[in-house]
Every structure is written in C-alpha cells, then in structure tokens.
There are 2 protein chains.
Amino acid sequence: MVTIKDVARMAKVSPSTVSRVISDSKSISEPTKERVRAAMKELGYHPNVIARSLIRRSSQALGVVLSRSAESAFSNPFFAEILRGISKVTQRCQYSLVLATAENYKEEARQCLQMVMERRVDGVIILASRVNDQLIENLSETEHPFVVVGRVDGDQHHYAVNNDNIQAAYSAVRHLLNLGHKKVAFLNGPVEYTFCQDRYQGYVMAFREFGLTVDERYICHAENLHADGYKYSQQLLQLKPQPTAIFVADDLMVIGAYRAIKEAKLVIPDDIAVVGFNDDAFTNLLDPPLTTIRIPIYEMGKAAAETIIAVLNGDQVIPPQRILSSELLIRDSCGAKRLVRV
Amino acid sequence: MVTIKDVARMAKVSPSTVSRVISDSKSISEPTKERVRAAMKELGYHPNVIARSLIRRSSQALGVVLSRSAESAFSNPFFAEILRGISKVTQRCQYSLVLATAENYKEEARQCLQMVMERRVDGVIILASRVNDQLIENLSETEHPFVVVGRVDGDQHHYAVNNDNIQAAYSAVRHLLNLGHKKVAFLNGPVEYTFCQDRYQGYVMAFREFGLTVDERYICHAENLHADGYKYSQQLLQLKPQPTAIFVADDLMVIGAYRAIKEAKLVIPDDIAVVGFNDDAFTNLLDPPLTTIRIPIYEMGKAAAETIIAVLNGDQVIPPQRILSSELLIRDSCGAKRLVRV
DNA sequence: GTATAATGGTTACCATTAAAGATGTTGCAC
DNA sequence: GTGCAACATCTTTAATGGTAACCATTATAC
C-alpha cells in the first residue's frame, strides 16, 4: 500500500510537505507542489481517509436515517428525491453518505446512535420525524449535531427543514370545498408521523373556515402508505352519504384509491374528485392525471444537508428551522378544469 | 471525549486489556471484564471506529453504487428492494453502508473509485451493470473486491449476482405467443444495461422457438424508465398492423403504457395484452392487475452482500456468479385467466 | 546586520490493537 | 521442598497513516 511516506521519499520532501500539497497549502512553492503531485500520480497514491479522520477528529461523513421500516421507506419517491438533494450537497462538500437502515424504526435508531457515538459520521439527517421521536431525544443528549426533515414537536431548539404541510393541506381542501364539495373524505397516513398530523390540521382548518364541522367517519389513517390506499378507499366509498371528494395525504395511496373508485364504477372527477399530496413522478401518468401538491423535496434535501454541514463548520444557522412552501398543482382529478371548460 | 485510556484508568487496567474486553477475548478473567464493562458504562464509552479501522486496515463499510443517474435510480423500486436486502446483511455483519450517488454515472463511478482508493469502504456492490462498464474495468485494476448485481459481459472472473433475465423474458413472451398473439411488441429499456440486452435476447429466443421472425419495428428502446413508457407505447400502438400484445421490460414503464392504451380506447387484455417485468408493488393495484415477472430482488441484495463479505473474510466463493430464478406471475393483463374462464 | 517572510523538516500526537513481554501461579517430577 | 515448565492474566511497546504545532533554514527587505 502506498503511503504518504512513499510519496515523500520519491519527491524528496518530508511527509508533512506532501500533506500540505494535498490540502493545497499556500506555504508550499509551486515547483515543489508539481514534484509532489507527479510523485503521487506516479505511485498511484490516494490519501487514506481513515488516518486523516483520526487526527482531524472528523469522518467527513453524514448519516441518514430513513425513519421508517426499510420496506416502505426506500420505494417512497419522497426518500428518493430527498436523498438526491442531500447527495448533491454532500458531493460538492466532499462528504460521504452513510445509510442507517433496518427492518424497523427502533433498530434504525439504534444503528444511527451507534454511528454517531462511534464517530463513523459527523452529523445526522433524520428523514420524516415522528411524534415524540425517541431518536431525536437520544441524539440531543449526545451533543452531536443533527437536522430533522419534518417538524419536531415540542422543542424548538433543533435544526429542521420542512415544507408547509398545514398550509398545503389547507389549500388543497379549500380548493375542493370551493368546487362545491361538502363531503370531503380524508385518507391520511400513519398518525405517528408529524407530517400526517400537520396535514390533518390543514384539513380541519379548511373545514373551520367554511363553517363546516369535521365528521371523523370521513377520516381514516392508513398504517402503510403502499398497501392501505385501496382498503381504506373502499371503506370510505361505503359511507352514506358517499363522499364526493377524497383528499389523500400521500400520492402512494392514490393508486389504491383510483382502483377502489373504478371498481365502484365511479368516474373521476365527475362522481368523485381526488386530490393527492407529493407530486410523485407517476401521478401525471395516472388516468386522469392527479391534482396534487408539489413539495420542493429536492430543495429540502439540499437545505437539510447544507444546514448540517454549516453547523459542523461552526457557522451560525439562523433561523434553525426552515420551512419551504409547496404548491397546489391542478390537473384533472379534482374537476376544476372541467368546470372551467363548461 | 471518552477514550479507551479513560476507561483503562478508571478500571485500573491497561488500555489493551480494555481492548480485549471489547472483543471479548478469553484471556481476560471474568472479574476484570466486569470491572472494565462497568467503567465503560459509567463513562459512556463507545469505541472509536476510525481508530480501529486504521489499525485493522478495514473500515467495516460497504459501498453501493446505484449505477444510474440519481434522479431515476432511487425511485425505482428495484433499488429500494435490493438495498433492503443488502442492508439486512450488512446490519447482521456489522458493516455500514456508504452510498455513491451523483447526477450522472460517470461522476458516480468517480466517487465510487475514490471511496475505495481512500479506504473509506472495504468493498463495493455495483447495482445494474452496463455494457462495457468502465467502472468495473477500473475497479478490477485496483484489486479491491466488488460484486456486480447484473451480468458482466466479457469477463467471467468477477463476482456477480443476477436473475435469469433471458429465461424470464423468454417465458413471458412464450406465454403471450402461446395465447395466440402474433404481433408481440417489445418496449425495452436503455440498451446500455445488460439486463435490457438479456431481456431482448429472451424475446428473440421465444420468437425463434415459434418459428416467427422478429420485426424490429415492434421493438423500441426507452431512454428513461420513468418518463418514456407513455411516449413509446403511443408509437407502438400506431403501427400497422397494431400489436395485440406488449411485453414491457420494466414495470415502471407500464404506467405510461396503460395510459397510452386507454387513451387509444383499447381494452386490456381484450384488445391488447400487457406483460411487465419486476413485479413492483403497485402492479397489483393497476387496472387490470398486471401480469409480470417476479424477481427475487431482496434475495439478490442479500446474496450480493453475503458474497462481498465472504470475499472480504477471505472465504472461497464458488461459483463466483450466482443466478437466481424469476417467476411469471399471471394476473389479468395478459388475458390468460379470461381464456381459462371461457 | 537584523527583522521578516517563505519554505519545509521534526516531532508529538490521534484512538486503537497485535505482538511480544512480564508477572505470578499452578502442576508435577524428583 | 526445589526446579522447571506450562499456563493464565495482564502490561508494554510498536505500530496504523496522517496532520498540526513547533522549529530550522534560507532569502529578501529594511
């Protein structure tokens, strides 16, 4: 294995000079730099990041916790997109990305804590915060920096990046109510996630504004974003009076919802309107194309990574919480276009 | 920061004794172990993996290269599922998972090589091999172990895990030909991937067996698995005579294909049969549920991780190439069930 | 002739572990 | 009871590859 000493010997300088050439210190003359670089190339030398990390007390790596059981997490386009944003920044800042993945959240949290305590990563990004998140509590005690994608309930001292879930859900439901719908059902995700709580709150807010009372029978909470859309949509469609619109808290559940609606011989949007959340790539290919909320997921990923790296650099991050805004994308499933056309 | 020395001081032993307690060496007496463990707990000590990696010359980490531009890669359920399999094993074997992600493959390959050369990871798993893969060539030169998920064309010396793409595509197309279809179109993915090449070969094989000639007009190659399904399906439907069946090389493109077919006022499977590939989670929720090929993706991920870890442990891996078999799942989109019913 | 800057060498770590060495203890033959 | 080997149990030492703080040397400016 080629070490810094081999390079030093070849370039006829001391190891520390080589080290300074690597970090491009300006106290080394250009000719020396050239000679050292030539030697590095000739020997095929690559600095050993492990050794560097040891003395610098920094691994130049960020941990990412998916915060879901791995089964459902990866295949969610949300994670895909946010990882893309994160990796964009880590790449630019020369950080590497370590994934904490496990079958369940508890195990994932354990792995994350271990990663941090063992110095494998300098900081952590937690995707999708939970209500009363145990990991967040434990991480806080370790004094290691972390940033949460989502809302941290209770404490306001954490670094966090989020989208405006309440506002976005509110505007989606308001949109449906404005179209004349009275029975707007809500197909929500697991209650333990803060984003589901927030979207619920936005739903309630819109009802309040229209002087309508929320009927809890028209609200259901799926346990699994992938599988449960179909099942719960069927339940909602059996209610009397039948809902004339469904607001779905995550686009993944829309596939199942569409199927249930079509099986019930209902036409979207004529018989029932549907509005989703996330603007996953496939939603534009559905029949009819889905009206949904576009979240700047990629930007959130970038913001999260930038935040944690800034904190690691000792920079001030003000404010610690950043909220990016979403946007209602009106396509065909809500019926608004049809109305305009008439 | 708590180090091994602090623990040693507290337990009144030498640092190396603490080290041996950590690795549970049997040359340490039980009372000493207890004393040391108590000290570790009291001080909240966690071994520094960086220092350990330095002397052990192993980072206990595996790199994963997605081998696609990050945009399309993450959101592909294939990667989700295979990462799940990989992480299952890495977790059990105490390895951590480092992701090489970038906007394009070239950059991703660069990052992967750097990871390896800088000793950040002990080995690499390459997902989805390409034809004439430059990364594979470069990695071979470094002597660092890696395993490919997919087929490596040319060389047979690499470790690889794959599914039986040729055989599976063959049986899917044979299934359609057996149902009486003559004009079976093929919506394939990017030609640079070996799995697309193999599925093409299976398609041709089935045609040969039935004594049919392959009409290249009925074959198209999408550049992007997400976006292009719709566009190319439209093209295929405009052919005269119109195809009576479409074999789609990746389920992701099926969403677009279904849309194009429905827009053309055709009924699946009555007017046109569709068979997909991958058995992505959503395919069972489509209308009609998709006949597709189930690949043991999770198992492939596990096998890939087990292979690379075995290689790192110096174990013999024979044979270096493992091929797992897939299975044709007959649902409603191919029309076979309808026939049986009649 | 001295102050200053430019340049690069020396040395002491960083946290851990493998290997070799030290210490005491036990077993057994004589 | 002594001598010696074998063993158990720990300590000491020397690495691992790299970097930063501190020097030493030389060149230039004043």
Side-chain angles (χ1 to χ4, degrees), chain A residues 1-40 43-61 94 114-122 144, chain B residues 1-37 39-40 43-61 94 114-122 144 314:
Chain A
M1 196 188 148
V2 185
T3 77
I4 202 168
K5 286 177 192 157
D6 301 319
V7 177
R9 201 165 20 241
M10 179 160 208
K12 301 203 196 310
V13 291
S14 76
S16 53
T17 302
V18 179
S19 170
R20 267 123 116 182
V21 172
I22 293 166
S23 51
D24 205 23
S25 154
K26 51 180 175 288
S27 70
I28 303 290
S29 68
E30 209 44 59
T32 310
K33 277 185 184 175
E34 281 310 312
R35 211 168 70 241
V36 171
R37 288 206 188 99
M40 294 199 297
L43 292 169
Y45 169 77
H46 285 261
N48 183 323
V49 283
I50 304 285
R52 174 183 295 163
S53 294
L54 185 59
I55 188 119
R56 286 213 186 144
R57 285 116 176 262
S58 136
S59 59
Q60 287 284 303
Q94 304 264 55
Q114 195 178 327
M115 255 176 14
V116 169
M117 304 298 284
E118 293 181 343
R119 312 277 153 162
R120 206 184 275 279
V121 298
D122 295 338
H144 289 270
Chain B
M1 195 190 143
V2 185
T3 77
I4 204 169
K5 286 177 192 160
D6 301 320
V7 176
R9 200 163 21 237
M10 179 162 208
K12 302 204 197 305
V13 291
S14 76
S16 49
T17 301
V18 178
S19 170
R20 268 134 104 190
V21 172
I22 293 166
S23 50
D24 204 25
S25 156
K26 50 181 176 291
S27 68
I28 303 288
S29 69
E30 208 45 59
T32 311
K33 277 186 184 173
E34 281 309 313
R35 215 168 67 240
V36 171
R37 289 208 188 99
M40 294 200 294
L43 293 169
Y45 168 77
H46 285 260
N48 184 324
V49 284
I50 305 287
R52 173 181 296 165
S53 295
L54 184 59
I55 188 134
R56 286 209 185 147
R57 283 121 171 257
S58 136
S59 58
Q60 286 285 303
Q94 303 265 56
Q114 196 178 327
M115 249 173 25
V116 169
M117 304 298 284
E118 293 181 342
R119 311 277 154 160
R120 205 184 276 279
V121 298
D122 296 338
H144 290 268

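Numbers restart at 1 for each chain; the letters A, B, ... are given by sequence-line order, proteins then strands. Since this is a predicted model, take the numbers as computed values, not measurements.
- When all heavy atoms are compared, the tightest approach of A/Val2 to A/Tyr45 is O-CD1, 3.6 Å.
- Nearest-nucleotide positions on DNA chain D place B/Ser14 closer to the 5' end than the other of B/Ser14 and A/Tyr45.
- Shown here for B/Lys26 and B/Lys33, the closest heavy-atom pair between the two residues is CA-NZ, 4.4 Å.
- The nearest heavy atom of DNA chain D to B/Arg57 and to B/Ser29 marks one nucleotide each, and the one closer to the 5' end goes with B/Ser29.
- Distances were taken from every side-chain heavy atom of A/Thr32 (C-beta onward) to each of C/dC14, C/dG8, C/dT17; the shortest belongs to C/dG8.
- If you check every strand for non-hydrogen atoms under 4.0 Å, B/Lys5 touches a base.
- In this structure, the nucleotide among C/dT17, C/dC14, C/dG8 sitting nearest to the side chain of A/Ile55 is C/dC14.
- Between the P atom of C/dT17 and the CD atom of A/Glu118 lies a distance of 11 Å, rounded to the nearest Å.
- Nucleotides of DNA chain D lying under 4.0 Å from heavy atoms of chain B occupy a range whose first and last members, 5' to 3', are D/dT9 to D/dG17.
- Taking A/Arg9 as the reference, A/Asp6 meet the salt bridge (charged side-chain N to carboxylate O under 4.0 Å, His left out) condition, with sequence neighbours excluded.
- In this structure, B/Arg52 reaches the C/dT17 phosphate: one of its side-chain N or O atoms is under 4.0 Å from OP1 or OP2.
- B/Ser19 has a side-chain polar atom (N or O) that falls below the 4.0 Å cut-off from OP1 or OP2 of C/dT17.
- Using a 4.0 Å cut-off, no side-chain N or O of B/Ser23 falls inside it from OP1 or OP2 of C/dT17.
- With distances taken from any side-chain atom of B/Ser16 to the nucleotides C/dT16, C/dG9, C/dA18, the minimum falls on C/dA18.
- No engagement by A/Val18 is indicated, since no non-hydrogen atom pair under 4.0 Å with the nucleic acid exists.
- Here the closest non-hydrogen pair linking A/Ile50 and B/Ser59 is CD1-CB, 4.0 Å.
- Across all strands shown, A/Arg119 has no heavy atoms under 4.0 Å from either base or sugar-phosphate atoms.
- Each end of the helix from C/dG1-D/dC30 to C/dC30-D/dG1 gets its own axis from five base pairs, and the two axes differ in direction by 50°, given to 10 degrees.
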